[in-house]
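Notes for the one structure printed next.
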Amino acid sequence: MFKTIVEACRMKDVRRKILITLALLLVYRIGAFIPIPGINPAMFSTEIEASGAAAFLGLLNSLAGGALANGAILALGVGPYITSSIVMQLLTIAVPSLERLSKQGDEGRRKIAVYTRYVALVMALAQAIAIVVSLGLAGHIQGNLFGENIPEFLIGAIVVLALTSGAMFTVWLGDKITEHGIGNGMSMLIFVGIISTGVGAFYASILAVFEDINAISTPLVFIATLTLIFFFVVFVDLAERRIPVSYAKQVKGNKMYGGQSANIPIKINAVGVIPIIFAFSILNFPQLIMSMFWPGSDAYAWYAQYMGAGSWANIVLTALLILGFSYFYASLSFNPDDVSRQIQQNGGFILGFRPGIPTRDYLKKVHNRITLFGAIFLMIMALVPAIIFRAVMGDDGNALTNAFTSIGILICVSVALEFDKQLQAQMMVKSYKGFLK
């Protein structure tokens, strides 16, 4: 990857796109430190960090690069857009009109993208109101703004407006990176947020070494463990099952077509990190609501003890939800009926299976098996890394563990590999243009 980046910087157009991407990412990181008027950042940061990375607010804070704990204008980050994208995917299946729109090519996809932004606006407004209500009940909304006493409800409205505007500005930044930069803008913003959170925690552990030389084992063990986990994730992320397809020779007019072989690639982890996000969100959402409105109730205490992060019930339910969502999203990304129909229409066949229903059943069986392995991989990534980090580092590595969650590791690897592919594609396009000239 580093060699690819060096070679890309030598090309003027590609270098310009890289600089634009870096500039927009810098704007995003600056916005993560500009506080919202009316919020007490210190008290807010304490409450967010106390929830831990496994909680819903901790997860949003990690994806936003610590902006939520800073009480910044970009505190919501890309969270509302991610939620709206998932909602629109589900609606595309459930609503026939949206399903027809998704099959209308670029024009249909552009309309769905517009609808996704409208849904993201609604999600951002709802999350902002929930955060303001939570802060107001906890006493974190200040009654003094710019030296003037202002009613609390007016300050709350200002905070809601700032958070919602910041979320939509983040969406705009992501679109500009996709349009004028390199890679998917939203993915790049999430990547930078996670990396910045991890770098901050790692920097704090390095400073601790200068105060106590015995603490040097924490960053060293963390680097070694993280390297092994990254290697495992990259290995699985690039793994795929290739099903060979042969095409019979066909004579059309004076030309002969077919007679070639191709492969149908089926990735082991085709669903990405979405099942983990859904599983964590569903299990932590009741605790989030109770912590906002009934923080001292017996129900909240019971849920935190028996269903909270780290409990056996939470671990089992997380694994089951990941398994269910993996099969659900895998069925959306790969349809054996459509694939077998396309193979048959193009005069192809899988060796040993007749076209039509036998081919469909074979593809379905293979896809279900691969999905099972992918779900097991996501279960391991959701539960094991935090256990390993705490086992090898103890309580000293809690900050690093909270910075590099399983979701963060998966996203970082996926975005880095996708960025490398995008960069190579840009370089190849420029090479072809130079050859034609």
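Numbers for residues simply follow the sequence, beginning at 1. These numbers were taken from a predicted model, which means no experiment stands behind them.
Gly77 and Pro80 make their closest contact through O-CD, 3.8 Å (heavy atoms, listed as atom of the first residue, atom of the second, distance). The two atoms that bring Lys267 and Glu240 nearest to each other are CA-CB, 3.9 Å, heavy atoms only. Of all non-hydrogen atoms in Pro275 and Leu378, the two that sit nearest each other are CG-CD1, 3.9 Å. Taking each heavy atom of Ile73 and Pro35 in turn, the nearest pair found is CG2-O, 4.3 Å. Of all heavy-atom pairs between Ala279 and Leu321, the closest is CB-CB, 3.8 Å. Across Met379 and Ala319, no two heavy atoms sit closer than the pair CE-O, 3.3 Å.
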Q: Would you check, one step at a time, whether the test side chain to side chain contact (heavy atoms under 4.5 Å, CB included) holds for Met88 with Leu98?
A: CA-CA 9 Å; Met88 287 303 298; Leu98 290 177; 4.2 Å; yes

Q. Step by step, would you call Leu323 with Tyr327 a side chain to side chain contact (heavy atoms under 4.5 Å, CB included)?
A. CA-CA 7 Å; Leu323 179 64; Tyr327 272 98; 3.6 Å; yes

Q.
Using the rule given for side chain to side chain contact (heavy atoms under 4.5 Å, CB included), can you reason through Leu189 versus Leu25, listing the C-alpha separation, both sets of side-chain angles and the distance that settles it, and then say yes or no?
A. CA-CA 7 Å; Leu189 293 177; Leu25 292 177; 3.7 Å; yes

(Q) Working note: Leu24 + Met188, criterion side chain to side chain contact (heavy atoms under 4.5 Å, CB included); need CA distance, chi angles, decisive distance, verdict. (A) CA-CA 10 Å; Leu24 293 174; Met188 293 298 296; over 6 Å; no

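With rounding to the nearest 0.5 angstrom, the NZ atom of Lys364 is 11.5 Å from the NE2 atom of His367. A distance of 5.0 Å separates CZ in Arg369 from NZ in Lys365, rounded to the nearest 0.5 Å. One finds the CG atom of Asn368 at 9.0 Å from the CG atom of Leu372 (value rounded to the nearest 0.5 Å). Interatomic distance, Leu74 CG to Ile30 CD1, rounded to the nearest 0.5 Å: 10.5 Å. Rounding to the nearest 0.5 Å gives a distance of 10.5 Å between CG of Asn70 and CD1 of Ile36. In this structure, CG in Asp361 is found 9.5 Å from CZ in Phe353, a value given to the nearest 0.5 Å.
Here the side chain of Asn335 pairs a donor or acceptor atom with the backbone of Asp337 at under 3.5 angstrom. Of the possible donor and acceptor atoms, none in the side chain of Thr92 sits under 3.5 Å from a partner among the backbone N and O of Glu99. A donor-acceptor pair under 3.5 Å links the side-chain atoms of Thr21 to the main chain of Ile182, judged by distance alone.
Thr359 is not listed as a side-chain neighbour of Gln344, based on a closest heavy-atom distance of 4.5 Å or more. Using a 4.5 Å cut-off on side-chain heavy atoms (C-beta onward), Leu91 and Val119 make no contact. Using a 4.5 Å heavy-atom threshold, the side chains of Thr371 and Phe334 count as separate. Residues Val415 and Ile194 form no side-chain contact, since every pair of their non-hydrogen atoms from C-beta on lies 4.5 Å or further apart.
A 6.0 Å sphere centred on CG of Leu26 holds more than 12 heavy atoms belonging to other residues, nucleotides or ligands. Other residues, nucleotides and ligands contribute at most 12 non-hydrogen atoms within 6.0 Å of the CZ atom of Phe373. By the 6.0 Å contact criterion, OH on Tyr115 is open, its count of non-hydrogen atoms from other residues, nucleotides or ligands being 12 or less. The 12-atom threshold is exceeded at CZ of Arg15, counting heavy atoms of other residues, nucleotides or ligands nearer than 6.0 Å.
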Return a table of donor-acceptor pairs under 3.5 angstrom between the side chains of residues 159-171 and protein atoms on other chains or two or more places apart.
residue : atom : partner : partner atom : Å
Thr164  : OG1  : Val160  : O            : 2.8
Ser165  : OG   : Leu161  : O            : 2.7
Thr170  : OG1  : Gly166  : O            : 2.8

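Among residue pairs with one or both ends in residues 173-192, those qualifying as side chain to side chain donor-acceptor pair (under 3.5 Å) are Arg117-Asp175, Asn184-Ser187; sequence neighbours excluded.
A side chain to side chain contact (heavy atoms under 4.5 Å, CB included) with Ile268 is found for exactly one of Ile370, Asp237, Leu238, namely Ile370.
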